[in-house]
There are 2 protein chains.
Amino acid sequence: MEFDKSRPIYLQIKREVKERIVRGEIKEEVPTVRSLAMELGVNPNTVAKAYREMEREDIIGSWVGRGTWVKDGARERLCPDMIKEIVDEFIHRLVSLGLSLDEIKKLVEGVND
Amino acid sequence: MEFDKSRPIYLQIKREVKERIVRGEIKEEVPTVRSLAMELGVNPNTVAKAYREMEREDIIGSWVGRGTWVKDGARERLCPDMIKEIVDEFIHRLVSLGLSLDEIKKLVEGVND
DNA sequence: TCCATTGTATTTAAATTATAATACAATCCT
DNA sequence: AGGATTGTATTATAATTTAAATACAATGGA
């Protein structure tokens with residue numbers, strides 16, 4: 001995973017972990033703060049900050065000495081929420097360029113690859 | 001225009017100005033550094049930084065005492081470039097959630113409002 | 001019980017971003 | 001000619017983000 005320099009790393013880590021949960025790569029046990037920090041090449045504090053926010057969002061739960069775990073039903077809540085957020089932002093950005101909803105639909109229909 | 005606190009303001013200003021160019025709201029004359037800073041409620045230095053980068057991208061040209069102007073053909077170059085960037089990121093993000101291209105197309109087809 | 005692993009917290013430092021206050025040279029308009 | 005406006009540059013300051021190095025208490029396994 002590579003980072004976009006224009007946005008805080010901890011936000012990108014949040015997105016990455018959520019994506020892994022939605023994809024089913026993370027089912028119950030979330031990587032430890034230290035192991036994910038090592039894997040991503042960042043400071044454990046940065047991962048801890050991402051986890052702290054996701055805990056407040058009721059996506060994961062952390063316990064000292066045990067680790068971090070996906071909360072019950074988190075994947076089912078996360079999936080439609082994230083899709084809606086992505087689609088909404090996509091539509092909004094193209095509308096900001098002056099495109100209509102019909103034009104946007106035709107644009108996506110024509111995508112190949 | 002309101003700012004997203006999670007990203008540098010000067011980058012959001014770049015996007016805003018580019019959108020205005022594509023929408024045709026800015027045709028030739030770009031707002032002065034000071035007037036846009038006043039309009040957006042930010043420091044002139046922040047606008048100047050955005051303009052400086054757009055000048056390096058050959059989108060605008062600035063002259064002391066005269067102002068800032070859209071470069072010839074900038075709108076025609078900007079329009080397809082920005083659309084492609086937005087669509088590509090959109091597809092990429094949904095693929096990162098595990099969706100296929102077909103699923104994405106059906107998703108967009110079903111959008112209302 | 002002992003020890004490694006866990007999340008959490010603290011402190012210090014560096015880099016980036018944004019603001020603020022000027023100053024300056026070039027240009028334009030009257 | 002002269003004054004206002006322009007982009008640009010400089011310096012200083014503050015806030016945010018990230019890194020780094022620790023330390024600590026709780027947990028679990030040998």
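Here is how names work: the chains are called A, B, and so on, in the same order as the sequence lines, proteins then strands, and each is numbered from 1.
- Of the residues in residues 32-40 of chain B, those lying under 4.0 Å from DNA chain C by heavy-atom distance are R34(B).
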Check the interface with nucleotides 28-30 of chain D: list each N/O to N/O pair with the protein under 3.5 Å, or write none.
unit_1  : atom_1 : unit_2 : atom_2 : d
dG28(D) : OP1    : R66(A) : NE     : 3.3

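- Under the rule for a side-chain contact (heavy atoms from CB on, under 4.5 Å), the partners of T46(A) that lie at least two apart in sequence or sit in another chain are I9(A), Y10(A), I13(A), V42(A), N43(A).
- At a threshold of 4.0 Å, the pair E16(A)-R20(A) counts as salt-bridged, since one of the basic side-chain nitrogens sits closer than that to a carboxylate oxygen.
- Residues from residues 67-74 of chain B lying near DNA chain D, meaning a heavy-atom separation below 4.0 Å, are G67(B), T68(B) in numerical order.
- Under the side-chain contact (heavy atoms from CB on, under 4.5 Å) criterion, D4(B) pairs with S6(B), R7(B), Q12(B), sequence neighbours left out.
- Using a 4.0 Å heavy-atom criterion, one finds that Y10(A) contacts the sugar-phosphate atoms exclusively.
- R93(B) has a carboxylate O that lies under 4.0 Å from a charged side-chain N of E89(A), or vice versa, which qualifies the two as a salt bridge.
- Atom CZ of R77(B) is separated from atom NZ of K71(B) by 8.5 Å, given to the nearest 0.5 angstrom.
- In 5' to 3' order, the nucleotides of DNA chain C bounding all contacts with chain A (an atom under 4.0 Å from a heavy atom) are dT6(C) to dT10(C).
- Taking the nucleotide of DNA chain D with the nearest heavy atom to each of Y51(B) and V42(A), the more 5' of the two is matched to Y51(B).
- Going from atom CD1 of I59(B) over to atom CD1 of I26(B) covers 11.5 Å, rounded to the nearest 0.5 Å.
- In terms of position on DNA chain D, the residue among T46(A) and W63(A) whose nearest nucleotide sits closer to the 5' end is T46(A).
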